[in-house]
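Below is one structure, written out as structure tokens; comments come after it.
Both counts, for ligands and for their atoms, begin at 1 and track the order of listing.
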Amino acid sequence: MTPVRVLTGIKPSGTPHLGNYVGAIRPTVRASRQPGVDSFLFLADYHAMISTQDPARLQRSTLEIAATWIACGLDPQRVTFYRQSDIPEIPELTWFLACVCGKGLLNRAHAYKAMLDKNAAARAEPDEGVSTGLFIYPVLMAADILMFNAHQVPVGRDQVQHIEMARDMASSFNHLYGEHFTLPEAVIDEQVATLPGLDGRKMSKSYDNVIPLFAPPEQLRKLIMGIVTDSKSPGEPKQTEGSALFQIYQAFATPQETATLAQAYADGIAWGDAKQMLFERIDREVAPMRATYDELMAHPEQVEAILQAGALKARAVATPFTARLRHAVGLRPLQTNSQSQTAKTDKAARPAFKQYREQDGLFYFKLTDAKGRVLLQSAGYASPQDAGQTIARLKAQGWTACADLHAQVAVADGTSPADLDAALQVLRDAE
Ligand code: TRP
């Protein structure tokens, strides 16, 4: 089965809090570990430039957010985890898409319209405070998604319109230049947990009621002691319903632990004791991650190395794909014959897999490029099915993503992983 490619961007801004952890980070990390999922996760630092014009802060937030996700269990070996600005192909694709995206489409973006409304209410110029970057935000986001032909994009409700715009741009481009892009779908998690904050309203930076995820234990304890409760005294039974303390506990505890706290509420536990229980429960989950986080923050070079390795993986897809897109739009070496090189590669000029049986009775395959040169040569398989399965996986996933197959298949001299990914992509597109 072809894995589903799931892609999400995280804007590096602000310090992550428990609400971000429970509502976004923890579920996304868990989802990325599921079989059959090919997960792409990146730090949207080009996007952050629209709202942050403080260079030190942008750098700091990028480090903090990267360290947070790694500390929370994101496995950079499994997931393609990278920084948007390490992929120069993304701004290039942004331009390609900008040229097929009607300006009127962007005029209708909610975020932009909200700015117009705000300015109208303040009797300011309509575009006061609107940078061109803000205006074309959806184009950059479309490039993020389409570059990797993501099938699914998990996002909050406020981002759904952006995914629809990405589909629009993909369709226009495909219509003009051939089928290059998969149309992405937004995936909204209906049961995404929202955590109450210190004052009982949704935990959010804008309410100033947050508990930072990696606050040192003493500060964590102090903040938890400040969560609002009613004024019932020790010994009086307490209501779990509407109790922010209880809801936060539930987000971290097992059903059994939660039942125990519910019983303690009924038995009249003192608020101070309940808060101590909450502190201990959160700290139990967070302490090991906090230790990793502190370690990474003290060693930014380690985070940088992880992001560089991620960029390499991402560019193994982005570089050959962009080369094809450049060709498709007509950004071509001048000597190539524009008649024979139309948007769709004709069959004769495609890479191909050839399966055959050798004297030794085993089954083999090789991959040749459009000119018939051998790119890959397999080892011998006991059955044609085994060989066929390996071919199917290479076709579906590309070379880079199939690291576990590399021992079974020899790469011809002078052939790079990017060449292989490009050849396999051509085959996939031709199907
Ligand atoms: N705009 C998203 C947000 O504000 C972040 C983002 C940028 C993104 N590029 C993306 C999300 C691509 C999903 C896919 O949350």
Side-chain angles (χ1 to χ4, degrees), residues 4-17 19-21 23-25 27-29 31-32 37-52 58 61-62 64-66 68-69 74 79-95 97-98 101 105-106 109-115 131 133-170 181-189 192 194 202 204-206 307 310-311 314 317-318 321:
V4 184
R5 186 166 282 182
V6 182
L7 176 142
T8 327
I10 312 142
K11 244 199 307 188
S13 57
T15 305
H17 54 70
N20 300 137
Y21 173 69
I25 303 173
T28 304
V29 169
S32 75
V37 177
D38 179 17
S39 183
F40 279 62
L41 209 89
F42 68 96
L43 303 158
D45 55 350
Y46 282 139
H47 277 106
M49 282 177 68
I50 293 168
S51 44
T52 311
L58 179 57
S61 296
T62 304
E64 279 184 3
I65 303 289
T68 298
W69 281 78
L74 186 84
V79 172
T80 304
F81 181 53
Y82 56 100
R83 172 170 50 193
Q84 187 184 29
S85 65
D86 283 332
I87 319 296
E89 290 84 358
I90 289 185
E92 182 164 12
L93 179 53
T94 302
W95 181 251
L97 296 174
C101 176
L105 185 76
L106 299 179
H110 301 318
Y112 173 59
K113 277 185 13 195
M115 287 291 275
S131 67
L134 175 73
F135 186 65
I136 66 163
Y137 186 115
V139 187
L140 177 56
M141 184 159 160
D144 291 333
I145 298 167
L146 301 180
M147 176 60 80
F148 298 101
N149 279 311
H151 306 111
Q152 296 184 355
V153 186
V155 283
R157 288 210 168 279
D158 60 323
Q159 298 291 319
V160 172
Q161 190 194 30
H162 292 151
I163 314 297
E164 281 160 9
M165 291 179 161
R167 292 172 65 91
D168 265 12
M169 290 177 232
F181 296 124
T182 305
L183 303 194
E185 270 171 44
V187 181
I188 308 153
D189 190 350
V192 68
T194 55
K202 178 185 170 190
S204 159
K205 248 187 317 184
S206 39
L307 292 176
V317 179
F321 188 42

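- With sequence neighbours excluded, the residues that form a side chain to side chain contact (heavy atoms under 4.5 Å, CB included) with V187 are Q152.
- Expressed to the nearest 0.5 Å, how far OG1 of T28 lies from CD1 of I10 amounts to 7.5 Å.
- Within the 4.5 Å cutoff, the side chain of E185 has heavy atoms near those of the R167 side chain.
- Distance check, rounded to the nearest 0.5 Å: CG of L140 to CD of Q84 gives 5.0 Å.
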May I have every N or O pair linking ligand 1 to the protein at under 3.5 Å, one per line with atom names and distance?
residue, atom, partner, partner atom, Å
ligand 1, 1 (N), Y137, OH, 2.6
ligand 1, 1 (N), Q159, OE1, 3.0
ligand 1, 4 (O), Y137, OH, 3.1
ligand 1, 4 (O), Q159, NE2, 3.4
ligand 1, 9 (N), D144, OD2, 2.8

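- Residues forming a side-chain hydrogen bond (donor to acceptor under 3.5 Å, both in side chains) with D168 (at least two apart in sequence, or on another chain): none.
- Remark: L7 engages F40, F42, Y82, I145, F148, A150 in a side chain to side chain contact (heavy atoms under 4.5 Å, CB included) (not counting sequence neighbours).
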